[in-house]
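What follows is a short report on a single structure.
A, B, ... follow the sequence lines: proteins, then strands. Residue 1 opens every chain.
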Number of protein chains: 2
Amino acid sequence: METIPSAAEAKAWNPYSADCPTRVVLDRIADKWTVLVLGLLGDRPKRFNQLRKSVDGLSQKVLTQILRGLETDGLVTRTAFPTVPVTVEYALTPLGDSLRTTLDGVRLWAEANIEAILQARKAKGP
Amino acid sequence: METIPSAAEAKAWNPYSADCPTRVVLDRIADKWTVLVLGLLGDRPKRFNQLRKSVDGLSQKVLTQILRGLETDGLVTRTAFPTVPVTVEYALTPLGDSLRTTLDGVRLWAEANIEAILQARKAKGP
DNA sequence: CGGCATCCCATCCGATACTG
DNA sequence: CAGTATCGGATGGGATGCCG
């Protein structure tokens with residue numbers, strides 16, 4: 001239907017061109033922080049400084065950029081409440097929540113295999 | 001048993017400190033290319049230039065850095081054959097393959113939801 | 001073929017100051 | 001509280017040349 005590529009075209013994404021779906025998505029989420037932010041938004045909506053304080057080393061400037069990017073892609077919503085001072089809540093959209101669920105697999109893998117990784121590093125360190 | 005942290009400790013990784021497992025793993029794989037390289041190594045071992053040509057825009061310098069990092073963490077092996085000129089093959093370790101399997105979820109999510117993302121971008125573009 | 005070394009520019013990002 | 005704006009240093013990574 002419409003302009004959606006056929007199934008045959010959809011499978012032919014090797015070699016990875018710049019506009020293949022995986023690369024588009026990775027270009028958004030594959031950085032030091034975004035996956036962590038999506039994970040934090042999983043439980044419930046959170047406020048800006050709440051997110052910032054939950055990730056050690058994440059600056060206000062970078063968090064802003066991350067949230068704007070996630071908003072652009074329809075993964076989170078931004079809601080400002082007219083309190084004094086202003087209160088802003090960020091929440092996952094259904095799309096964002098489905099991505100968060102997928103990324104939970106990565107977090108679980110990390111926790112299950114961190115020891116093996118650290119041992120490999122120690123073995124090649126000296 | 002031994003020095004493995006208890007289940008109670010293992011769950012207390014919020015706020016995310018710099019040495020939490022998820023951050024250690026993300027610091028290794030969360031960039032523009034690494035996930036793609038792991039995916040390419042899934043089918044079978046591949047040679048250096050084979051990998052480089054399979055990802056449009058991936059330079060030799062960066063691919064080298066990525067492969068060294070994956071080697072350090074015990075995710076890929078590097079095997080040099082004494083041919084002329086030299087032939088080098090990279091392959092996933094069992095650990096690397098289990099990570100690749102996990103990351104397949106992200107690739108599938110990307111292909112399933114790319115249209116929604118592109119539409120969200122278009123909606124906020126102008 | 002599969003790198004490493006060097007140069008050099010683009011971008012990222014932290015620090016700081018200011019605002020609704 | 002939740003940002004925006006600006007500046008400057010650190011960093012990333014492309015281009016190039018050379019080598020086993």
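- For B:Gln65, taking side-chain heavy atoms from C-beta onward, the closest of the listed nucleotides D:dG13, D:dG3, C:dG3 is D:dG13.
- For B:Arg47, the listed nucleotide lying nearest its side chain is C:dC1; candidates were D:dA2, D:dC1, C:dC1.
- Between D:dA15, C:dG2, C:dC13, one nucleotide has an atom nearer to the side chain of A:Val62 than all others, and that is C:dC13.
- With rounding to whole Å, A:Asp31 atom CG is found 13 Å from D:dG13 atom P.
- One finds a side-chain N or O of A:Ser59 lying less than 4.0 angstrom from the OP1 or OP2 phosphate oxygen of C:dG14.
- Closest to the side chain of A:Val88, out of D:dG13, D:dG3, C:dG3, is D:dG3.
- Rounded to whole Å, atom P of C:dC13 lies 10 Å from atom NZ of A:Lys32.
- When each of C:dC4, D:dG14, D:dA2 is scored by its nearest atom to the side-chain atoms of A:Arg78, the top-ranked nucleotide is D:dA2.
- Remark on DNA chain D: of its neighbouring residues A:Asn49 and B:Trp33, the 5'-side contact belongs to A:Asn49, judged by nearest-heavy-atom nucleotide.
- To the nearest 0.5 Å, the span separating CG on B:Asp73 from CG on A:Asn113 amounts to 11.5 Å.
- Rounded to a whole Å, the CG atom of A:Leu63 is 17 Å from the P atom of C:dC12.
- In this structure, the side chain of B:Thr93 engages the main chain of B:Gly74 through a donor-acceptor pair within 3.5 Å.
- Spacing between atom CZ of A:Phe48 and atom P of D:dG3 amounts to 5 Å, rounded to whole angstrom units.
- Nucleotide C:dC18 holds its P atom 16 Å from the CD atom of A:Gln60, rounded to whole Å.
- Atom-to-atom, NZ of A:Lys46 to C1' of D:dC1 comes out at 18 Å; the value is rounded to the nearest Å.
- Between the A:Thr34 side chain and the A:Ala30 main chain, no donor and acceptor come within less than 3.5 Å of each other.
- If you check every strand for non-hydrogen atoms under 4.0 Å, B:Arg68 touches sugar and phosphate atoms only.
- Among the heavy atoms of the strands lying under 4.0 Å from B:Val86 is at least one base atom, whether or not backbone atoms are also near.
- Within the nucleic acid shown, B:Phe81 has no heavy atom closer than 4.0 Å to any nucleic acid atom.
- The interatomic distance linking A:Arg52 (CZ) with C:dA15 (P) rounds to 11 Å, in whole Å.
- Note: CD (A:Gln50) to C1' (D:dG3) measures 17 Å, nearest angstrom.
- Atom-to-atom distance recorded for A:Leu103:CG and A:Leu108:CG is 11.0 Å, nearest 0.5 angstrom.
- The closest donor-acceptor contact from the side chain of A:Lys124 to the backbone of B:Glu71 lies under 3.5 Å.
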